There are 2 protein chains.
Amino acid sequence: MARTTMEDVAKAAGVSRALVSLAYRNASGVSESTRARILSTGNQIGYVHNRIAASLASTKPASIGVFLQDLHNDFFADVYDGIREIAEPKARQLVLSVGSRNHDRDASSLGTLEGAQVGTIIAAGLRMADSDALAHSQRTPLIAIARHIPGVDSVYSDNVFGGQLATEHLLQLGHRRIVFLANPPTDGYLGRREGYETSMLEAGLKPRVIESTYARSDAAEIATELLADTEAPTAIFAHNDQAALGVLDALAARSLVPGQDVSVIGYDNSSVSNTPGTALTSIDLHALELGREATRLALRRFENPDLEPQLVTSTPSLVLRATTGPVST
Amino acid sequence: MARTTMEDVAKAAGVSRALVSLAYRNASGVSESTRARILSTGNQIGYVHNRIAASLASTKPASIGVFLQDLHNDFFADVYDGIREIAEPKARQLVLSVGSRNHDRDASSLGTLEGAQVGTIIAAGLRMADSDALAHSQRTPLIAIARHIPGVDSVYSDNVFGGQLATEHLLQLGHRRIVFLANPPTDGYLGRREGYETSMLEAGLKPRVIESTYARSDAAEIATELLADTEAPTAIFAHNDQAALGVLDALAARSLVPGQDVSVIGYDNSSVSNTPGTALTSIDLHALELGREATRLALRRFENPDLEPQLVTSTPSLVLRATTGPVST
DNA sequence: TTGTACGCGTTATCAT
DNA sequence: ATGATAACGCGTACAA
């Protein structure tokens with residue numbers, strides 16, 4: 001039951017192996033008629049183009065590696081859609097790698113992609129120090145999504161602005177005691193917090209930042225404590241939608257109505273935020289567009305590896321839903 | 001800037017290429033001390049194990065292909081977690097392929113995996129005819145998740161039972177006009193519908209099946225029409241959670257309260273169903289466990305390719321939340 | 001532990 | 001323009 005090889009196809013079609021290779025790659029140098037004949041005989045005998053061998057033999061890498069932090073977060077699914085939309089027409093193979101709970105594994109995920117000999121890596125949601133990412137990018141060009149890493153191609157969504165956007169929305173609603181539920185500071189996504197702090201200070205208020213994780217349950221726990229406080233906030237700004245859901249869990253447990261008793265705003269505008277029951281006010285990063293831009297960048301880098309590090313910036317926007325409302329008196 | 005190869009490592013460490021190969025595979029035949037020395041020198045000069053070349057040279061395939069229908073559906077993320085949990089300790093490389101909107105591309109997704117020379121394909125949410133799937137499995141062993149394909153290894157969740165579970169729950173709440181919002185019948189997931197019909201007939205009621213798609217918006221549209229009907233249902237059973245969300249959208253648009261005015265039940269128990277605001281009653285397929293079982297099966301098939309087609313069946317369970325309630329009088 | 005044939009396409013280089 | 005021939009890429013497997 002040996003696999004059929006290109007040699008088999010060549011024999012069956014009465015041509016050379018080289019010609020079969022050209023035919024399968026839509027390369028020039030084969031007449032349309034013979035190409036068709038080759039492909040059809042290939043089908044007859046059940047040949048499938050062996051990408052592994054092709055990749056090994058080829059001098060230039062043809063595939064793009066994609067790192068996604070978490071499949072449970074819809075944001076990354078959107079990013080992936082954007083990537084695919086651009087990469088597919090260019091016949092670029094995508095090689096996926098998914099992050100795991102513990103950050104330290106991010107490096108090994110990138111290693112997996114390197115081992116697959118990808119030409120470029122698009123990374124969405126990388127949680128490693130800037131310096132580590134930079135070091136990695138020396139080996140295989142890296143494109144960071146939603147984060148700006150100096151010296152590395154970045155498709156950045158202006159997190160500082162987004163943080164301000166969220167905070168000022170709450171301020172306009174009359175909130176004063178606004179807490180920011182932050183992600184672990186080691187991850188590098190500090191813009192949102194910075195934007196929050198800026199807006200608070202400008203309004204003459206004291207920022208109150210509490211660090212949490214990406215786990216919904218952790219956010220719920222922290223929010224529960226917060227709400228029991230004598231100085232309980234009237235509004236909570238969570239670093240992402242997942243965490244915001246945790247806050248909503250905590251509110252539900254105390255029979256508090258989001259948007260009335262306490263305002264909650266998330267970040268990502270993931271699909272969960274858009275369910276009628278939840279209706280979470282959030283900041284939209286335009287994930288699809290981020291994915292597209294990153295891929296365009298990747299393709300450009302294939303053409304010209306010596307391009308200096310690029311920075312594409314996109315501006316997030318506020319998506320108003322039901323979990324934010326005027327401060328209750 | 002040529003990539004460093006195994007040869008380079010061998011020279012630097014003063015050993016043969018063969019030995020370096022063994023070291024990088026954790027294979028026996030290298031003393032612990034030299035293995036450590038080899039790996040460390042490999043690191044020094046920036047070598048990464050070239051999986052492409054390894055795969056080409058190796059006689060037996062080492063990787064498992066994973067097909068996931070849709071990254072936007074949390075169910076598949078759970079399945080993936082289960083797969084990874086089992087595959088990783090066995091050092092099996094996972095190669096991912098994601099389905100696209102139009103089903104006809106499913107075949108090409110499997111083709112991509114075949115091209116990557118995977119030894120087995122675990123497919124979650126495949127939407128192709130049984131016969132096509134069977135044909136594919138002749139070439140590369142296939143393991144179907146959440147679906148039973150005769151002649152193909154299947155980790156099946158008893159959809160018929162699940163359909164009955166959902167329907168009988170609604171019946172017990174006093175509902176009589178229960179509509180089943182079905183997926184496209186060409187996809188092969190017919191058990192849920194069958195279970196629904198069985199339970200309805202047993203209760204002496206006439207089943208009412210309306211076909212929809214996987215798109216939330218389509219479900220919303222259909223539900224809107226349904227609710228305007230003179231014979232409007234008091235309960236809607238959707239073939240999956242995504243569709244159920246669409247139904248909730250439609251209810252929200254008419255200011256109807258799910259669980260009070262109209263009961264809604266989904267299927268999958270995906271994370272969206274578990275938000276406090278949404279609180280969708282659903283059927284849990286135990287996605288994580290399905291992923292685990294499929295992977296165990298895959299590993300067994302690596303050992304023994306001539307195993308006759310296996311069928312593992314798992315039993316879904318009802319997860320009660322807020323969107324179902326007694327029929328309103 | 002080592003030497004080396006081998007796996008399967010690709011990419012020059014040549015011939016028609 | 002079309003097509004053929006042969007060297008090459010980078011590990012793995014097996015005999016020595």
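These figures come from a predicted structure and were not determined experimentally.
- Among the nucleotides C:dT10, D:dT12, D:dG11, the one closest to the side chain of B:Y47 is D:dG11.
- With D:dA13, C:dT10, D:dG3 as the choices, the nucleotide that has an atom nearest any side-chain atom of A:T34 turns out to be D:dG3.
- In this entry the distance linking CZ of B:R3 with P of D:dC8 reads 22 Å, nearest Å.
- Of the side-chain N and O atoms in A:R25, one or more sit less than 4.0 angstrom from OP1 or OP2 of C:dT11.
- Proximity of A:S58 to the phosphate of C:dT11: a side-chain N or O atom is located under 4.0 Å from OP1 or OP2.
- Between A:R147 and A:D130, at least one side-chain nitrogen of the basic residue sits less than 4.0 Å from a carboxylate oxygen of the acidic one, meeting the salt-bridge criterion.
- For C:dT2, its base never sits under 3.5 Å from the side chain of B:R17 at any donor and acceptor pair.
- When distances run from any side-chain atom of B:L19 to the nucleotides C:dC8, C:dG9, C:dT1, the shortest one goes to C:dT1.
- In this structure, the nucleotide among C:dC8, C:dT1, D:dG11 sitting nearest to the side chain of B:S31 is C:dT1.
- For A:T59, no side-chain nitrogen or oxygen approaches OP1 or OP2 of D:dG9 to under 4.0 Å.
- Contact check on A:E289 versus A:R296 returns a salt bridge, with a Lys/Arg side-chain nitrogen under 4.0 Å from an Asp/Glu carboxylate oxygen.
- Checked for salt-bridge contact, A:E114 and B:R51 miss the test: no charged N lies under 4.0 Å from a carboxylate O.
- Per the geometry, CD belonging to B:E7 stands 11 Å off C1' belonging to D:dG11, to the nearest Å.
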